[in-house]
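Heads up: numbering here begins at 1 and tracks the sequence. Any value given below was found using the heavy atoms of this structure, including those in side chains, with hydrogens, waters and symmetry copies removed.
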Amino acid sequence: KVGDYHMVEECYFTFANKSSEDYEIYLCNIGGLVETLTSGVDGEIVSDNVFGNEKQLVYGVRENQQISFDLTIHFPNVIPFTTLCEIKNWLFRQNKPQKLSFNHPDLKDYYFWCFLRYKEDYQDATGFKDMSITVQSISPYAYKTPILLSKTVKTTPETETNSHLEEMRINIDSANIGTIKPIIKCVQNSSDNRQIQIENWGAGTDANYLNTTTVMKNVLNKGDIIEIDTQNKKVRIKKTTDEDFQVVNATKYLDLDGNGFIYLNNGVNILKINGDCDISVQYTPSVRIGGV
C-alpha cells in the first residue's frame with residue numbers, strides 16, 4: 001500500500017539531537033500543520049471541598065490536553081534493512097521525551113517535547129516508501145526557541161536603593177502561556193563585592209512593581225559567576241578558582257525575604273538593574289499554536 005500523498009514536501013526534522021537529513025528521509029505532509037493543529041484549548045477546573053466549608057473552592061485551571069498529531073515520513077531511496085532498523089530504534093526507542101523540531105518555514109521557530117509512536121509502513125512494488133507516525137507531546141502547547149538577552153551594567157558604589165542606571169526591556173508575546181521563569185546569569189565585575197539587584201517593573205510610567213531578585217553583598221568576588229534557575233529555584237556558582245558550576249544553598253546568596261526568584265509576564269517587562277556586572281537573561285516561551 002502506498003500513502004495517498006499527491007505532493008511531497010522536503011521538510012527535514014530533528015529528533016533527539018539527530019537530523020532526518022542524515023538518512024535522507026523527510027516529512028511529506030507537514031504543510032498546513034499550524035493551521036490544522038489545535039493546542040492548549042482545553043482545561044480542567046481545579047477545585048476541592050474543604051471540611052467545614054459548604055462552598056466548593058476553585059483554585060484555577062489546569063490545561064490537560066497534550067498535543068497529539070500524525071505525520072508521514074517519506075523514504076525517497078531504497079533503504080537497507082539494517083538502516084531501517086537503525087531509524088526505527090532512533091525514533092521509537094527513546095526512554096524519555098525528546099525535542100522535535102522542523103525546518104519548515106511555518107514551524108521553524110517551534111519545537112515539541114514528545115515521544116514518537118509507530119503507526120504503519122507503506123510499500124509498493126519497488127519496496128518501502130512511507131512510514132506513518134504519531135507525535136505524542138508531553139504538554140498541551142509548543143515551545144519557541146530559547147531567547148538570550150545580555151547587557152553590561154555598571155553603577156557607582158554610592159547608588160541608592162531604587163536608583164537604577166541600567167534597564168533591560170523584555171517583550172513577551174501575548175500568545176505565551178502563563179508566567180516565564182528565566183535563567184539569569186551574572187558575572188561580578190566589582191572588586192568591592194557589590195550587591196546585584198534586578199527588579200521587574202512591567203511597562204510604562206504607572207507600571208506595577210512585580211518582583212525582585214537580589215544577590216546579597218559580599219557573597220561574590222570579582223570574576224565569580226552566579227546562575228539563578230528561577231524555574232527550578234536553584235542557584236549555581238562558579239568561582240574564579242572552580243572548573244565548573246556548583247549547586248549551592250540559595251539562602252546564602254539570594255535575599256529570599258521578598259519574591260527571591262524573578263519571573264516575567266506577558267507584555268513588556270522592564271528590568272531595572274543595580275550592580276557592576278555582566279548579566280544575561282534566557283527564557284523559553286511556551287505558546288499555543290494552530291486552530292485556537
Side-chain angles (χ1 to χ4, degrees), residues 1-40 66-124 126-149 173 175-177 182-183 231 280 282-290:
K1 177 183 178 181
V2 179
D4 298 324
Y5 304 104
H6 303 290
M7 185 177 75
V8 174
E9 293 183 85
E10 295 188 14
C11 173
Y12 294 107
F13 64 93
T14 299
F15 181 67
N17 298 315
K18 183 187 288 289
S19 172
S20 66
E21 196 168 6
D22 295 344
Y23 296 106
E24 298 183 352
I25 61 176
Y26 46 79
L27 298 169
C28 62
N29 62 343
I30 194 73
L33 179 62
V34 170
E35 289 76 19
T36 59
L37 180 62
T38 299
S39 68
Q66 288 77 21
I67 298 173
S68 179
F69 53 94
D70 293 338
L71 296 172
T72 300
I73 299 173
H74 184 63
F75 294 73
N77 302 311
V78 176
I79 299 290
F81 179 75
T82 54
T83 303
L84 181 60
C85 291
E86 183 180 331
I87 291 172
K88 289 188 174 182
N89 282 334
W90 160 49
L91 297 177
F92 308 125
R93 296 296 297 273
Q94 301 295 333
N95 59 10
K96 62 181 180 180
Q98 300 291 341
K99 182 178 178 180
L100 173 67
S101 59
F102 313 92
N103 74 344
H104 193 278
D106 292 340
L107 286 166
K108 62 182 178 62
D109 292 330
Y110 301 106
Y111 65 89
F112 301 91
W113 282 109
C114 61
F115 291 101
L116 301 183
R117 306 212 178 276
Y118 168 78
K119 286 190 67 181
E120 189 175 2
D121 292 338
Y122 301 105
Q123 301 182 34
D124 65 9
T126 63
F128 191 81
K129 288 296 183 183
D130 298 327
M131 178 171 61
S132 63
I133 65 173
T134 296
V135 177
Q136 180 60 65
S137 173
I138 65 170
S139 70
Y141 40 77
Y143 297 91
K144 277 195 170 182
T145 304
I147 297 171
L148 178 65
L149 301 174
D173 192 326
N176 178 73
I177 300 174
I183 294 176
Q231 175 69 50
S280 66
Q282 179 175 303
Y283 62 95
T284 302
S286 54
V287 295
R288 291 183 177 94
I289 65 173

Any [X] side-chain heavy atom under 4.5 Å of [Y] side chain:
X      : Y      : answer
Ile73  : Leu27  : yes
Ile138 : Cys114 : no
Leu116 : Val135 : yes
Phe102 : Leu71  : yes
Asp121 : Lys88  : yes
Leu148 : Ser280 : yes

To the closest 0.5 Å, what do you measure between [atom1] ([X]) and [atom2] ([Y])?
X      : Y      : atom1 : atom2 : value
Thr83  : Phe75  : OG1   : CZ    : 10.0 Å
Asn95  : Phe115 : CG    : CZ    : 7.5 Å
Tyr110 : Tyr143 : OH    : OH    : 14.5 Å
Ile87  : Ile25  : CD1   : CD1   : 4.0 Å
Lys119 : Ile133 : NZ    : CD1   : 10.0 Å
Ile79  : Glu24  : CD1   : CD    : 7.5 Å

Minimum heavy-atom separation for [X] to [Y], with atom names?
X      : Y      : value
Ile67  : Ala142 : CD1-N, 4.0 Å
Trp113 : Gln98  : CE3-C, 3.3 Å
Met131 : Tyr122 : N-CD1, 4.3 Å
Leu149 : Tyr283 : CD1-CE2, 4.4 Å

May I ask you to decide if the ring planes of Tyr118 and Phe92 are parallel, tilted or perpendicular, using 30° and 60° as cut-offs? perpendicular
How are the rings of Tyr12 and Tyr26 set relative to one another: parallel (under 30°), tilted (30 to 60°) or perpendicular (over 60°)? perpendicular
With a sphere of 6.0 Å drawn around CG of Asn17, does it hold more than 12 non-hydrogen atoms of other residues, nucleotides or ligands? no
Trp90 side chain vs Phe15 backbone, donor-acceptor pair below 3.5 Å: yes
Donor-acceptor contact below 3.5 Å, side chain Ser20 vs main chain Phe13: yes
